[in-house]
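Computation of the quantities below employed the complete heavy-atom set of this structure, encompassing side-chain atoms and omitting hydrogens, waters and symmetry-equivalent molecules. Source: prediction; values computed, not measured.
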Amino acid sequence: MFVSGPIISNIGGQVSGLSEEYHHFATKEYKIINGVEEAIKAVRENIHYGVDLIKICADNSPNNLELSFQEMKTIVDIAHRYNLKVTAHATTNQSAETAIMAGVDCIEHGYDLSLSTLQLMQSKNVALVPTDKSGFLIKKYLMKMGSGGDLDGRVNNMQSRAKNRLALAREAGVTILVGSDNYINFDMPQGEAAKQVLIALKEEGMDPLDILQSATFLSAQWMGMENEIGVFKEGCWADIIAVKNDLQNNFSESMNTVVFVMKEGRIYYKNL
């Protein structure tokens, strides 16, 4: 595990609808800041407690606030001084662009990124973690939320937007990393739900081998760990899985048919 500690965020964190008397719920989950001095204190505290990277909320959706450019730049400057990367939750194009100009190393979500913002990301070597869901998981989510009407149409619309954004990002040459952002109870093991992000990328047109590279080597490289994880070579941690079927032509079934699991050279599961 590589941990960020509490996310550095604006007032309220990402907990929507909190009245003042319940703000303490957000402060238990987030480092709430208001201004540059509090930004300095928050990032220093996370560094003091030994985090591996810094995470911020450029915007704190579903709430409607954004960190300022100066707050984010201050956080980035201090983190980089200690050789830590900064990743930013950013759902809007505006907040993502501000975070990129402030020097962050990665944008998470980026649902509405424009081509010009994606080109800016590429020029500054800022990676993107799409956190998209498969059609199966989107439909399950909408049903759990009590959505009615044309579910299939809503699923197709959400996937179409995600597919267009991913295509633009890849066209611009942005590095794609993999993260599930899975915190919802989908009535299945969290690991099973998290695998759906890989299937989502396939449904959006990404080649299976590119998906696996994003989930392994490129993610390890972003963390500066490419000589320990994400590759097959002597001296690495030997975290390996094997799957059945044809990855290229039957990706979804393959990802759900794991037949071998090794961690740090020790075999935990084998059904070959």
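Applying the 6.0 Å contact sphere to OH of Tyr22 captures no more than 12 heavy atoms from other residues, nucleotides or ligands. Within a 6.0 Å sphere centred on OH of Tyr49, heavy atoms belonging to other residues, nucleotides or ligands number 12 at most. A 6.0 Å sphere centred on CZ of Phe260 holds more than 12 heavy atoms belonging to other residues, nucleotides or ligands. Other residues, nucleotides and ligands contribute only 12 or fewer heavy atoms inside 6.0 Å of the OH atom of Tyr82. In this structure, Met188 places its CE atom where more than 12 heavy-atom neighbours from other residues, nucleotides or ligands lie under 6.0 Å away. Heavy atoms of other residues, nucleotides or ligands lying less than 6.0 angstrom from CD of Glu45 number more than 12. Taking a 6.0 Å sphere around NZ of Lys73, one finds it holds 12 or fewer heavy atoms contributed by other residues, nucleotides or ligands.
Sorted by first and then second residue, the side chain to side chain donor-acceptor pair (under 3.5 Å) pairs involving residues 162-171 (not counting sequence neighbours) are Asp132-Arg165, Arg170-Asp210.
Inter-residue side-chain proximity for Lys133 and Lys140 is flagged as unmet; no heavy-atom pair is nearer than 4.5 Å. Using a 4.5 Å heavy-atom threshold, the side chains of Leu218 and Gln221 count as touching. Side-chain contact between Lys202 and Pro208: present, with at least one pair of heavy atoms (C-beta onward) separated by less than 4.5 Å.
Looking only at distances, no side-chain donor or acceptor of Asn60 sits under 3.5 Å from a matching main-chain atom of Gln14. Counting only distance, with no hydrogens or angles, the side chain of Asn63 and the backbone of Leu65 share no donor-acceptor pair below 3.5 Å. Not a single donor-acceptor pair under 3.5 Å links the side chain of Asn125 to the backbone N or O of Met121. Within the 3.5 Å criterion, the main-chain N or O of Val3 finds a donor-acceptor partner in the side chain of Asp52. In this structure, Asp239 contributes its side chain and Glu264 its backbone to a donor-acceptor pair below 3.5 Å. Panel note: side chain Ser4, backbone Leu53; no donor-acceptor pair is recorded below 3.5 Å. Counting only distance, with no hydrogens or angles, the side chain of Asn93 and the backbone of Ser114 share a donor-acceptor pair below 3.5 Å. Looking only at distances, a side-chain donor or acceptor of Asp59 sits under 3.5 Å from a matching main-chain atom of Thr91. In this structure, Ser160 contributes its side chain and Asn156 its backbone to no donor-acceptor pair below 3.5 Å. Ser219 contributes a side-chain N or O that, together with a main-chain N or O of Ser214, makes up a donor-acceptor pair within less than 3.5 Å.
Under the 4.5 Å side-chain heavy-atom criterion for ILVMFWY residues, a single connected hydrophobic cluster contains both Leu177 and Val231. One hydrophobic cluster, built from ILVMFWY side chains closer than 4.5 Å, cannot hold both Leu212 and Val259; they sit in different ones. Ile75 is not connected to Tyr30 by any chain of hydrophobic side-chain contacts under 4.5 Å among Ile, Leu, Val, Met, Phe, Trp and Tyr, and they are in different clusters. Transitive grouping of hydrophobic side chains (ILVMFWY, heavy atoms separated by less than 4.5 Å) brings Leu84 and Val126 into a common cluster.
Arg161 and Asp112 are joined by a salt bridge, as a carboxylate oxygen and a charged side-chain nitrogen come within less than 4.0 angstrom of each other. Remark: Lys124 does not engage Asp105 in a salt bridge, criterion side-chain N to carboxylate O under 4.0 Å. By the 4.0 Å N-to-carboxylate-O rule, Glu38 lies too far from Lys31 to be salt-bridged with it.
In terms of heavy atoms, Val86 sits closest to Ala79 at CG2-CB, 3.5 Å.
Atoms OG1 and NZ, from Thr74 and Lys41 in turn, are 16.0 Å apart once rounded to the nearest 0.5 Å. From Ile40, atom CD1 reaches atom CD of Glu71 across 10.5 Å, with rounding to the nearest 0.5 Å. Here the OG1 atom belonging to Thr27 is positioned 9.5 Å from the CZ atom belonging to Phe25, to the nearest 0.5 angstrom. The distance from the CD atom of Gln70 to the CE atom of Met72 is 10.5 Å, given to the nearest 0.5 Å. Interatomic distance, CD1 of Ile199 versus CE of Met206, reported as 14.5 Å (0.5 Å rounding). Rounded to the nearest 0.5 Å, atoms CD1 (Ile176) and CG (Leu128) are 4.5 Å apart.
For the 3.5 Å distance criterion, the side chains of Lys233 and Asn227 qualify, holding a donor opposite an acceptor.
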Practice problem: Would you check, one step at a time, whether the test side chain to side chain donor-acceptor pair (under 3.5 Å) holds for Thr92 with Ser95? | Solution: CA-CA 6 Å; Thr92 70; Ser95 63; 2.8 Å; yes

Exercise. Any chance you could lay out the side chain to side chain donor-acceptor pair (under 3.5 Å) test for Asn185 and Lys144, step after step, and finish with the verdict?
Key: CA-CA 9 Å; Asn185 178 12; Lys144 285 182 73 72; 5.2 Å; no

Quiz item: What's the verdict on side chain to side chain contact (heavy atoms under 4.5 Å, CB included) for Ile32 and Asn10, showing C-alpha distance, side-chain angles and the deciding distance?
Solution: CA-CA 5 Å; Ile32 304 298; Asn10 217 314; over 6 Å; no

Practice problem: Carefully, step by step, assess Glu203 and Gln159 under the rule side chain to side chain donor-acceptor pair (under 3.5 Å). | Solution: CA-CA 8 Å; Glu203 290 174 350; Gln159 284 198 299; 2.6 Å; yes

Exercise. Could you walk me through whether Asn256 and Glu253 pass side chain to side chain donor-acceptor pair (under 3.5 Å), step by step?
Key: CA-CA 5 Å; Asn256 287 292; Glu253 186 175 337; over 6 Å; no

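Annotation: cation-pi geometry satisfied between Lys85 and Trp222 (NZ/CZ under 6.0 angstrom from ring centroid, within 45° of ring axis).
Under the 30°/60° scheme for interplanar angles, the aromatic rings of His89 and His109 are found to stand perpendicular.
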